[in-house]
Number of protein chains: 2
Amino acid sequence: MSGVVTVFRALDDETRRVILDELAARDGQTLFEICSTLTTRHGLSSTRQAISQHLGVLEAAGLVVTEKRGRSKFHYFNPAPLAEIARRWPVGERTAE
Amino acid sequence: MSGVVTVFRALDDETRRVILDELAARDGQTLFEICSTLTTRHGLSSTRQAISQHLGVLEAAGLVVTEKRGRSKFHYFNPAPLAEIARRWPVGERTAE
DNA sequence: ACTATAGGCAAGTCCCCACTTGCCTATCAA
DNA sequence: TTGATAGGCAAGTGGGGACTTGCCTATAGT
């Protein structure tokens, strides 16, 4: 993962967005769990390595935090960086009309 | 501008984010105005064509709406698509207590 | 009409990103 | 210790995106 990974770049990929959806729905999944749920429940067919790299990007962006226990690594969704977007461009209640 | 431009892809570029900042600060600028303010106030040195393409991406993503009068084209920041992000991953939910 | 202004169009280049492929490390069970 | 499970590392490939370059269109002023 060369260089800084921004939240924006991390979100600019449908697979990563689905991963976030999946973690938001069921937090604390391992890599293999994510792989299987992505194929069965989301119709995506990506290899383990691809998903692993996606998780690396998400983690580098701070959108996913991990916890390693034994030979397993659990992934948790961290929505905090998303607040940065709302902070930069306050959407407010007054959208364009 | 091939295919669909998502909000995420539009935001995945620092120049485009600065353009949004600039429009949020001073709405309704033309292409040449944006070019000059970007160089003078933001230290960016991009050609007119580059900025034009960026504005095209932002417009395709719905983040910028335009209005053409005479030979000028005015650009307006539209934060509405940003609400989609907050809608997909509600940030404040789990910390709201 | 002529010229300058404001912007668009399209081909080409370069680089980054997603994904694959192959192999390696570490942990647990038998 | 052996084998299976869970995951990591790194080189290579293909395609898309940012940017340039050059030329074209349209409006406004004189």
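Everything numeric here is computed off the predicted structure, so don't read it as measured data. Lettering of chains follows the sequences in order, A, B, ..., and the numbering in each one begins at 1.
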Candidates dA18(D), dA6(C), dC9(C) - which lies nearest the side chain of Gln49(B): dC9(C)
Criterion side chain to side chain donor-acceptor pair (under 3.5 Å) against Gln29(B), the qualifying member of His75(B), Lys73(B), Glu22(B): Glu22(B)
Answer with base, sugar-phosphate or nothing: what part of the nucleic acid does Arg69(A) contact at a heavy-atom distance below 4.0 Å? nothing
What contact category does Ser46(B) fall into here, base, sugar-phosphate, or nothing, at under 4.0 angstrom with non-hydrogen atoms? nothing
Pair Glu14(B) + Arg16(B): basic N to acidic O under 4.0 Å: no
Can you tell me how far C1' of dC17(C) sits from CZ of Arg9(B), to the nearest Å? 13 Å
Donor-acceptor check, side chain of Arg9(B) to backbone of Asp12(A), threshold 3.5 angstrom: yes or no? no
Atom CG of Asp13(A) and atom C1' of dC19(C): how far apart are they, to the nearest Å? 11 Å
On the nucleotide dC19(C), are OP1 or OP2 found under 4.0 Å from the side-chain N or O atoms that His54(A) carries? yes
Distance, rounded to the nearest Å, where Leu55(A) contributes CG and dG8(D) contributes P: 8 Å
Residue pair Leu31(B)/Ala50(A) against DNA chain C: nearer the 5' end by closest nucleotide is Leu31(B)
Between dA6(D) and Ser72(A), is there an OP1 or OP2 to side-chain N/O distance shorter than 4.0 Å? no
Nearest-Å distance for atom pair CZ/P, residues Phe74(B) and dT27(D): 14 Å
Which nucleotide in the list dA4(C), dG7(D), dA18(C) gets nearest to the side chain of Arg71(B)? dA4(C)
Give a yes/no on whether any side-chain N or O of Lys73(A) is located under 4.0 angstrom from OP1 or OP2 of dG8(D). yes
Measure the distance from NE2 on His75(B) to P on dG7(C) and round it to the nearest whole Å. 7 Å
Under 4.0 Å: is that the gap between some side-chain N or O of Thr47(B) and OP1 or OP2 of dT20(D)? yes
How many Å lie between CG on Leu11(B) and P on dA18(D), as a whole number? 12 Å
In whole angstrom, give the distance that lies between atom CD of Gln29(B) and atom C1' of dA6(C). 15 Å
Nucleotide dA18(C), atom P - distance to CG of Leu38(A) in whole Å: 15 Å
Considering only dG7(C), dC19(D), dT21(D), which nucleotide approaches the side chain of Gln53(B) most closely? dC19(D)
Does Glu59(A) have any side chain to side chain donor-acceptor pair (under 3.5 Å) partners at least two apart in sequence or in another chain, and if so, which? Thr66(A)
What residues form a side chain to side chain donor-acceptor pair (under 3.5 Å) with Arg88(A), not counting sequence neighbours? Asp21(B)
Answer with yes or no whether Arg48(B) presents, from its side chain, a donor or acceptor under 3.5 Å of a partner atom in the base of dG8(C). yes
